[in-house]
*Asks:* 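Dumping the structure here so I can ask a few things about it.
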Amino acid sequence: MDTEFEDAVRILLIQVPRGTVTSYSQLAKLAGYPGYARHVGRLLSQLPDDSKLPWHRVVTASREISRRGTLAAAIQKQLLRAEGVALKGDRVDPALLWVPDWKPSGR
DNA sequence: GCCTTGACGAACG
DNA sequence: GCGTTCGCCAAGG
């Protein structure tokens, strides 16, 4: 609530269903701040432990686990796998990406 | 006020 | 597919 940005990202993150993942840039864009991918990462890094936000469902644009700051990388993989997310090494299955407003009849 | 770092991304070669 | 470079904005030193 300090800023609209972190509030928007927070809400979006909560809307991410279990078993799916999203990317920093995607969250930033959906939050209304395209190009703020780094801000998302910074925000998550400052998230308190009592935050019920599924930060572990956030991966890079390459669907890889965070490389910078190896602090939570191992935990993230563990949590994702616990949710049924298929991990290909340090990469997440592209089919498990969270798509807001997914149109199965489209494309 | 300037420089470096940071849970990043996209473009190039 | 991989390594490098530039761009992005913000916080910390």
Side-chain angles (χ1 to χ4, degrees):
Chain A
M1 305 127 156
D2 295 30
T3 63
E4 298 178 73
F5 174 69
E6 67 179 273
D7 183 56
V9 174
R10 190 176 318 179
I11 296 174
L12 288 168
L13 202 51
I14 296 173
Q15 294 178 76
V16 178
R18 184 175 68 83
T20 62
V21 294
T22 184
S23 63
Y24 296 96
S25 60
Q26 189 65 53
L27 280 175
K29 185 184 296 181
L30 294 172
Y33 293 82
Y36 279 59
R38 310 175 71 153
H39 299 230
V40 177
R42 185 176 294 282
L43 173 60
L44 297 181
S45 67
Q46 295 171 61
L47 279 177
D49 294 339
D50 60 324
S51 290
K52 301 300 181 289
L53 303 178
W55 60 269
H56 51 263
R57 292 183 191 150
V58 185
V59 294
T60 66
S62 302
R63 271 76 68 190
E64 298 176 85
I65 305 300
S66 31
R67 42 157 167 154
R68 255 180 187 167
T70 59
L71 47 161
I75 303 176
Q76 185 169 15
K77 289 197 302 182
Q78 192 171 254
L79 289 170
L80 288 174
R81 208 173 101 169
E83 293 185 350
V85 176
L87 290 174
K88 307 298 182 183
D90 285 348
R91 191 169 292 173
V92 182
D93 192 301
L96 298 175
L97 276 174
W98 174 56
V99 182
D101 189 33
W102 171 260
K103 303 181 185 303
S105 42
R107 181 42 95 168

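Naming convention: chains lettered A, B, ... in sequence-line order (proteins, then strands); numbering from 1 in each chain. Quick note: numbers below take in every heavy atom, side chains included, and nothing from hydrogens, waters or symmetry partners.
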*Asks:* I need the CZ-P distance between A:Arg63 and C:dG1, as an integer number of Å.
*Replies:* 11 Å

*Asks:* Find the distance between NE2 (A:His56) and CD (A:Glu83) and round it off to the nearest 0.5 Å.
*Replies:* 3.5 Å

*Asks:* For A:His39 and for A:Arg91, find the nucleotide of DNA chain C with the closest heavy atom, then tell me which residue's nucleotide is more 5'.
*Replies:* A:Arg91

*Asks:* Look at the side chain of A:Ala61 and decide which nucleotide, out of C:dC9, B:dA10, B:dC8, has an atom nearest to it.
*Replies:* B:dA10

*Asks:* Let's see if you can work this out: which of B:dG6, C:dA10, B:dG9 has an atom nearest to the side-chain heavy atoms of A:Arg38?
*Replies:* B:dG6

*Asks:* Measure from the side-chain heavy atoms of A:Arg42 and tell me the nearest of B:dC8, B:dG9, C:dA10.
*Replies:* C:dA10

*Asks:* Would you kindly give the CG-to-C1' distance between A:Leu27 and C:dC9, to the nearest whole Å?
*Replies:* 17 Å

*Asks:* Using atom types as modelled and distance alone, determine if a side-chain donor or acceptor of A:Glu4 lies under 3.5 Å from a backbone N or O of A:Ala31.
*Replies:* no

*Asks:* Mind checking A:Ser45 for me? I need base, sugar-phosphate or nothing, with any heavy atom below 4.0 Å counting as a touch.
*Replies:* base

*Asks:* To the nearest Å, give me how far apart OH (A:Tyr33) and P (B:dC8) are.
*Replies:* 21 Å

*Asks:* If the plane angle is over 60° it's perpendicular, under 30° parallel, otherwise tilted; pick one for A:Phe5 and A:Tyr33.
*Replies:* perpendicular

*Asks:* Write down the distance between CD (A:Gln46) and P (B:dC8), rounded to a whole number of angstrom.
*Replies:* 13 Å

*Asks:* Quick one: OG1 on A:Thr22 to CG on A:Leu12, what's the gap to the nearest 0.5 Å?
*Replies:* 8.5 Å

